[in-house]
Amino acid sequence: MSTNLNVAIIQSNLVWENPVQNRINFGDKIENINHAVDVIVLPEMFTTGFTMNASVVAESMQGETVSWMKNLAAKKNAAITGSVVIKENNNYYNRLLFAKPNGDIEYYNKRHTFTLAGEHKIYTAGQKQKVIEYKGWKLATLICYDLRFPVWARNTQDYDVILYVANWPKRRVAAWDALLKARAIENMSYCIGVNRVGLDANNYDYSGHSAVYDVLGEKITSLPVEKEGIEIVEITKNHIEKNRKHLGFLNDKDSFNLIM
């Protein structure tokens with residue numbers, strides 16, 4: 001169990017529908033992280049960009065990207081997470097993968113598919129929340145559009161961190177900033193959001209704004225916008241426990257059942 005967790009967030013451009021080149025690019029970035037880290041976070045659909053051409057780029061859970069993540073996680077002795085396009089049982093999923101150094105891999109399927117882009121027509125929506133336990137920490141994992149739905153993210157499982165990976169366009173980035181901060185405050189957890197930069201094949205522009213917020217909603221990272229970058233931040237159990245004990249806001253939360 002670790003009282004502190006060092007998290008590396010990687011804000012990067014993506015090569016459209018080119019898993020091989022994106023793995024090379026991210027491999028280089030990860031290899032060049034010299035600081036000891038526990039978790040490395042990549043964007044949504046980090047091997048392809050936010051594509052609806054699932055049949056062209058989809059991989060299996062025995063595919064190249066899963067193997068690459070497992071091998072690199074073992075080599076760096078750090079968990080690696082980000083979402084990719086996965087085909088399983090004739091369904092396509094926007095799936096967040098969490099590869100641990102010991103070779104274990106856990107995953108979360110995006111619950112809220114982005115109807116504005118027609119994602120719901122291509123990808124099967126997930127039906128289960130996922131909180132991953134790692135080094136004594138509990139991390140709630142979500143993807144992009146999930147950020148707009150606070151009930152799905154509500155801290156009913158006593159998690160420590162809520163994590164979003166995204167391809168969130170520049171034109172709506174004010175919402176991204178506001179909602180990441182809100183999720184941290186209302187759930188009294190660290191909130192990590194990792195977004196891409198650059199222009200995709202559909203001419204959508206992404207400006208990054210990747211960030212980590214503490215349980216009081218204070219931004220504790222300073223990645224530049226519009227640019228690639230890597231930032232390492234240390235998060236601490238003491239910060240969570242001290243503020244939850246002092247303020248007690250989660251004790252007053254509403255009880256509810258999700259109807260799927």
Side-chain angles (χ1 to χ4, degrees), residues 1-11 35-42 78-79 81-82 96 98 100 106 108 111-112 129-166 168 173-195 208-225 229-258:
M1 177 175 177
S2 300
T3 57
N4 299 340
L5 209 65
N6 290 316
V7 180
I9 57 176
I10 301 183
Q11 180 171 281
H35 192 285
V37 295
D38 300 296
V39 182
I40 299 167
V41 188
L42 312 180
T81 187
L96 180 145
F98 192 96
K100 299 179 181 180
E106 298 188 54
Y108 161 76
R111 165 65 177 161
H112 298 93
Q129 296 168 314
K130 183 65 177 179
V131 175
I132 294 170
E133 296 193 19
Y134 179 66
K135 291 193 170 184
W137 288 70
K138 296 174 73 174
L139 297 88
T141 53
L142 298 105
I143 301 174
C144 204
Y145 192 43
D146 286 328
L147 181 59
R148 289 188 177 271
F149 304 94
V151 173
W152 187 244
R154 194 66 173 122
N155 196 355
T156 59
Q157 301 180 64
D158 195 33
Y159 60 70
D160 306 298
V161 178
I162 185 167
L163 168 67
Y164 292 91
V165 300
W168 194 287
V173 78
W176 165 261
D177 293 339
L179 294 174
L180 286 176
K181 184 173 184 176
R183 295 297 88 81
I185 293 168
E186 68 197 12
N187 294 302
M188 294 212 77
S189 73
Y190 284 101
C191 184
I192 299 171
V194 175
N195 191 28
H209 286 238
S210 302
V212 179
Y213 293 85
D214 70 17
V215 304
L216 300 177
E218 294 292 333
K219 187 178 176 182
I220 58 174
T221 47
S222 56
L223 274 172
V225 301
I230 300 173
E231 186 164 359
I232 299 169
V233 62
E234 182 182 59
I235 59 178
T236 71
K237 279 287 187 74
N238 180 62
H239 169 73
I240 301 171
E241 292 165 357
K242 180 180 70 175
N243 283 289
R244 287 184 181 176
K245 181 178 180 180
H246 174 63
L247 298 171
F249 297 149
L250 289 180
N251 298 330
D252 302 321
K253 64 181 179 292
D254 298 304
S255 296
F256 60 89
N257 293 315
L258 285 170

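Side chains of L42 and T81 form no contact here, defined as non-hydrogen atoms less than 4.5 Å apart.
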Before you tell me yes or no, could you show the steps for N4 and K237 under side-chain contact (heavy atoms from CB on, under 4.5 Å), namely the whole-Å CA-CA distance, both residues' side-chain angles and the distance that decides it to 0.1 Å? CA-CA 6 Å; N4 299 340; K237 279 287 187 74; over 6 Å; no
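Around atom CG of N238, more than 12 heavy atoms belonging to other residues, nucleotides or ligands sit under 6.0 Å away. Within 6.0 Å of NZ on K219 lie more than 12 heavy atoms contributed by other residues, nucleotides or ligands.
Summarising the geometry, atom CG belonging to L250 is positioned 8.5 Å from atom OG belonging to S189; distances are rounded to the nearest 0.5 Å. Put simply, CG on L142 and CZ on R111 are 11.5 Å apart, with the number rounded to the nearest 0.5 Å. A distance of 12.0 Å separates CD1 of I240 from NZ of K242, quoted to the nearest 0.5 Å. Atoms CD1 and CD1, on I230 and I40 in that order, are 8.5 Å from each other to the nearest 0.5 Å. Distance check, rounded to the nearest 0.5 Å: OH of Y164 to CD1 of I143 gives 11.5 Å. Considering CG of L216 and CG of L247, their distance stands at 6.5 Å, rounded to 0.5 Å.
Evaluation of the ring-ring contact (aromatic ring centres under 6.0 Å, His included) rule for F98 yields Y134 as partners, not counting sequence neighbours. Looking at residues two or more places apart in sequence or on another chain, you find no side-chain hydrogen bond (donor to acceptor under 3.5 Å, both in side chains) involving Y145. Residues forming a salt bridge (Lys or Arg N to Asp or Glu O under 4.0 Å) with D158 (at least two apart in sequence, or on another chain): R244. With sequence neighbours excluded, the residues satisfying side chain to side chain contact (heavy atoms under 4.5 Å, CB included) with I220 are Y190, V212, D214, V233, I235. Under the side-chain hydrogen bond (donor to acceptor under 3.5 Å, both in side chains) criterion, N187 pairs with R154, Y159, sequence neighbours left out. Every residue meeting the side chain to side chain contact (heavy atoms under 4.5 Å, CB included) condition with E231, not counting sequence neighbours, appears here in chain and number order: I9, T221, S222, L223. Residues forming a side chain to side chain contact (heavy atoms under 4.5 Å, CB included) with H35 (at least two apart in sequence, or on another chain): N6, V37, I232.
Judged purely by atom type and a 3.5 angstrom limit, W168 has no side-chain atom pairing as donor or acceptor with the backbone of C144. Using a distance-only test at 3.5 Å, with no hydrogens or angles considered, no donor-acceptor pair links the side chain of S2 to the main chain of L5.
Pairs of residues two or more places apart, or lying in two chains, that qualify as salt bridge (charged side-chain N to carboxylate O under 4.0 Å, His left out) and include a residue from residues 130-148 are D38-K135, E106-K130. Applying the salt bridge (charged side-chain N to carboxylate O under 4.0 Å, His left out) test to every pair with at least one member in residues 176-191, sequence neighbours left out, gives these pairs: R183-E186.
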